[in-house]
Every structure is written in structure tokens, then in C-alpha cells.
Protein chains: 2
Amino acid sequence: MSVTTQLQPRTPLSRERVLRAAVEIADAEGAEALTMRRLAKALGAEAMSLYHYVANKEDLLDGVVELIASEINDAVDQLGVPSAGAAWKQATRLRILTARTIFLRHPWAPHVFETRKTVSLAVVRYHDRLVGLMRDGGFSYDLAHHALHALGSRALGFSQELFDPGDGAAAGSVPAELAEQVPHLVGMLTEVAHDDPDSTLGWCDDQFEFEFGLDLILDGLDRLRTAAR
Amino acid sequence: MSVTTQLQPRTPLSRERVLRAAVEIADAEGAEALTMRRLAKALGAEAMSLYHYVANKEDLLDGVVELIASEINDAVDQLGVPSAGAAWKQATRLRILTARTIFLRHPWAPHVFETRKTVSLAVVRYHDRLVGLMRDGGFSYDLAHHALHALGSRALGFSQELFDPGDGAAAGSVPAELAEQVPHLVGMLTEVAHDDPDSTLGWCDDQFEFEFGLDLILDGLDRLRTAAR
DNA sequence: ACCTGAACACCGTTCAAGT
DNA sequence: ACCTGAACACCGTTCAAGT
């Protein structure tokens, strides 16, 4: 028995390694593949070993959120665009769209963010800087506060859609019975699908719609900002 | 053994009964209490019996969404307020705030709505009528389409918040270390909490913030509507 | 036809034990 | 100290069998 097994994890486990492995699994196979047993196997350990680094699965997911929020903070901290006065809007817009690029790499992450019960310090820090930009634009704390609520998850760069209003847009594929029940949607569907015949499936451009909604809110806030002067 | 057992369910099971019982359990104990075994027990049956009325748990939740969306449609269908021209905005606002009252009765429902993979006909129908109101206001199908995306879940009357920017607002309860890391939020917190000293905990008024965000979007859309004339 | 008991393949997690 | 095997208390679900 003097043959030392070489297949064991060379680097010891750590909370950092556990969290990074969790993100990798979710990236590769989706959030539902992220089980304690599966995660342990990826680390060359047993499920129970993980409990030395995370209190339980909720704590694991809290840590994953903290990791991704830190990734976002790292990206937006080095933007360094002017934000004084009217420039607040472009600065905020760029910051949010930059944060969004991280979620495009982790499409499972929004759902995990939304199911957290505790607040992540990195998420709070992100919002703090956002309020900073608004203050540069002359926002009162009161208006900045309402702004955070109005933006909601859009502040971090994502918006969960209940359904895609363009589903089944393969014009004419809508059953006649359904067409009678939802005439406006069918009309909308055929017209918009007609305007953009390139897109065969899922003709809603997520990025365009995100920016449309974001600009609608930012423009509205900017109007309130100048009105309050 | 001629004694017939009187404790069995008198009324036979049905999909309708199963779905209604599911809503009752979630209302009373939260969505996590809604398991197949628990649901069966509430109906005086065994878990396996439920599979004659729902294909699986996802189908059960799909049915629950359909049930609640129908409840919403029933409520908003009888509003009957004018919606022609500029009145579209008030009509839409009232409709959305009315839909919201149903979610206030089922606080677990937003999460279930957001995790659906298939679209509910009742949800589609709700949005169809919303597009109808916008058409009354002179919206192009294109603008109405962007409007649905911009509203997102707000169209149905709820907005999931990542965190409450007013948590720990018991002014002064913020550790000095945290105060240094997020100065703007702490400043915002103390000022807004000061303005409204009544609220001891959770000083963010959900209803007010929902209406603020909703009006910001509706006002923006109304501006685009008139600009497009 | 409608319903069910036992069993299966998973979960997260506890506990007592290994090195 | 760090890690683990076996076991527990749950899940959703399959299957073959009851009436």
C-alpha cells in the first residue's frame, strides 16, 4: 500500500475553488446540474467535504452571486467615463450595458441572483456606485432611491421576460382558433415579423429590447432630474 | 367489513380541484410547501393519484399559473374604462394595478410565473388586451411590441426586486466599515429614512415604488406615442 | 375508470468515524 | 485539520397491481 494515489486533488480545497467550480458547472451544464454531489465530483472530492467551505447549498449560491457580482464590479470599475451633470446618463448606460456582458456569459445567473434571501456585499457595492453616478448628475438621494427601484434588475444588466411576445412568429403558424382569441398579438406578430424577415425564430432581439427599456427609464429619470432643479 | 369508510373524498378528484388545492397550499404555507405528497394529502388521496390529472409537477405549476392568470383576466375584463386616444394611459395603468391586487393575494406566484417554460394562454390573452389598449391610444404594433418588453413582468403587476435598498435602515445600525465601502447608499439610506420616520423596518413602500416605475415607463411610452404621430 | 403500495433514482444534510 | 462512508429524511416519478 505504499503506492500513493496520484489522482487525488493536488491543490487542497478552498471556498474560492469550490465557488469557481460551481460557476464552471453552471456555465457548462446549467444551474440544475449544480448539485453538491456533482460539484464534489468535479473537485475530486466527496459531497460532504464541501461543507467545510460552505455552510449549505444556499450559502454556496450566495457565494456564487458574490463571485459574479465581483466579476461585474471589476469590469465596470475601470470604465472611467465622465459622469458630471448631463453625462450621468451615458455613464450609467455604459455601466449597465457593461454589467450585462457578464450575464451574457452566465445565462443561468439571473435566476440565482433573484432567489437570494441575503444581500451580497458586491451587489450592494455595485448599486452604491450607480447611485454615485446619479449624484454626479445632480440627483437627490430620494430620486436616486426611486431610480434603483424603477430599474430593478435592469440596473445589473438583465431583465427576466415572462414570455417572448414573438414566439411562434413563423408567420401563419398560428392556429386559427388562437388567432381569434388573441387578435392584437397575432396582428402585432405578423406585422413585426414582416418588417424583419431575416429572423426565422425568436425574432425579438434581446439586446435591442433591453436597451429600449433601459433608455425609456433613463430618459424618464433624466427628465425628473432636470425638472427638480 | 361492510362499514363503508366515510373519510374518503366524497367529490372525485379533478384537474380543477387539484389546481385549486395547490393554490390554497401555496397561499397558506408558501410555494416550497407545495409537494406532490403534501398536495395529495390535502385532497385525501395518494400522491400517485394526482398523475391522472397533471402530467407532472411542471404541468401542475403551469396549471396554477393558468388559474391565477384567469383570476386576473376575470378582474380586469370588467373594468370598462375609456381607452381611446390619450386615455390609453390611465386605462392601462388601472388595468395593471388591478392585476397587481391578485398578486398581493398570492405573493408566491411571481416566482412561479417566472419559472414557466411554456406560455400560458391566459397570460397571452392578458397581454393581448393590453396591446388592445395601446392600439386604442394609437400605438403602432412595433411600439406596442417594444412596450411589452419594456414593461416586462410589470405588465402583469409585479416586479421582483433583487434587494431592498432600504434594508437595515434603522438609521445608525450600519457598521462603520460598511459605511465606508458604500457611502452613497448609506447617505441615501439615512436621508430617506429621516424623511419618513414612521417606517421602522422596510421603509420602501412597495406599492409606491411599483407605481413610480410604472408611471415612468407609461409616461415614456406616451411621449413616443405622440412623437410618432 | 380510477386509485394506490412499494420501489427507484435522485436530492441536501447529519453523524460518527477515519487519517 | 481535513476529509469521508453510511445513513436519514425528504423529493418527483415508474411500475405493476388493486378495485
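Per chain, numbering begins at 1; letters A, B, ... match sequence-line order.
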Engineer: Report the distance from atom NE2 of His52(A) to atom C1' of dA17(C), rounded to the nearest whole Å.
Structural biologist: 12 Å
Engineer: Could you tell me the separation between the OH atom of Tyr51(B) and the P atom of dT14(D), rounded to a whole number of Å?
Structural biologist: 7 Å
Engineer: Let's see if you can work this out: which of dT4(C), dC3(D), dT13(C) has an atom nearest to the side-chain heavy atoms of Tyr53(A)?
Structural biologist: dC3(D)
Engineer: For His145(B) and His149(B), take the angle between the two ring planes, folded into 0 to 90°, and tell me which bin it lands in: parallel under 30, tilted 30 to 60, perpendicular over 60.
Structural biologist: perpendicular
Engineer: Could you give the CZ-to-C1' distance, from Arg37(A) to dC3(D), as a whole number of Å?
Structural biologist: 16 Å
Engineer: Just to verify, which of Phe210(A), Phe158(A), Trp108(A) counts as forming a ring-ring contact (aromatic ring centres under 6.0 Å, His included) with Phe103(A)?
Structural biologist: Phe158(A)
Engineer: Measure CD/Glu32(A) against C1'/dC10(C) and give the value in whole Å, please.
Structural biologist: 14 Å
Engineer: Grab the CD-P distance between Glu46(B) and dA7(C) for me, whole Å please.
Structural biologist: 15 Å
Engineer: Side chain of Lys57(B) only, heavy atoms from C-beta on: which candidate in dC3(D), dT13(D), dC3(C) is closest?
Structural biologist: dT13(D)
Engineer: Checking Tyr126(B) side chain against Ala155(B) main chain: does a donor-acceptor pair fall under 3.5 Å?
Structural biologist: yes
Engineer: So if I take every side-chain heavy atom of Thr35(A) and compare against dT4(D), dC11(C), dG12(D), which nucleotide ends up nearest?
Structural biologist: dC11(C)
Engineer: Rounding to an integer number of Å, can you tell me how far Leu13(A) CG sits from dA1(D) P?
Structural biologist: 17 Å
Engineer: Base, sugar-phosphate or nothing for Ser49(B)? Non-hydrogen atoms, less than 4.0 Å.
Structural biologist: base
Engineer: Met48(A) CE to dG12(C) P: how many Å, rounded?
Structural biologist: 10 Å
Engineer: Provide, to the nearest angstrom, the distance between the CE atom belonging to Met36(A) and the C1' atom belonging to dC10(C).
Structural biologist: 15 Å
Engineer: Could you please name the partner base of dA7(C), counting Watson-Crick and G-U wobble pairs only when both distances are under 3.5 Å?
Structural biologist: dT13(D)
Engineer: Considering only NZ, NE, NH1 and NH2 on the basic side and carboxylate oxygens on the acidic side, decide whether Glu24(A) and Arg20(A) come within less than 4.0 Å.
Structural biologist: no
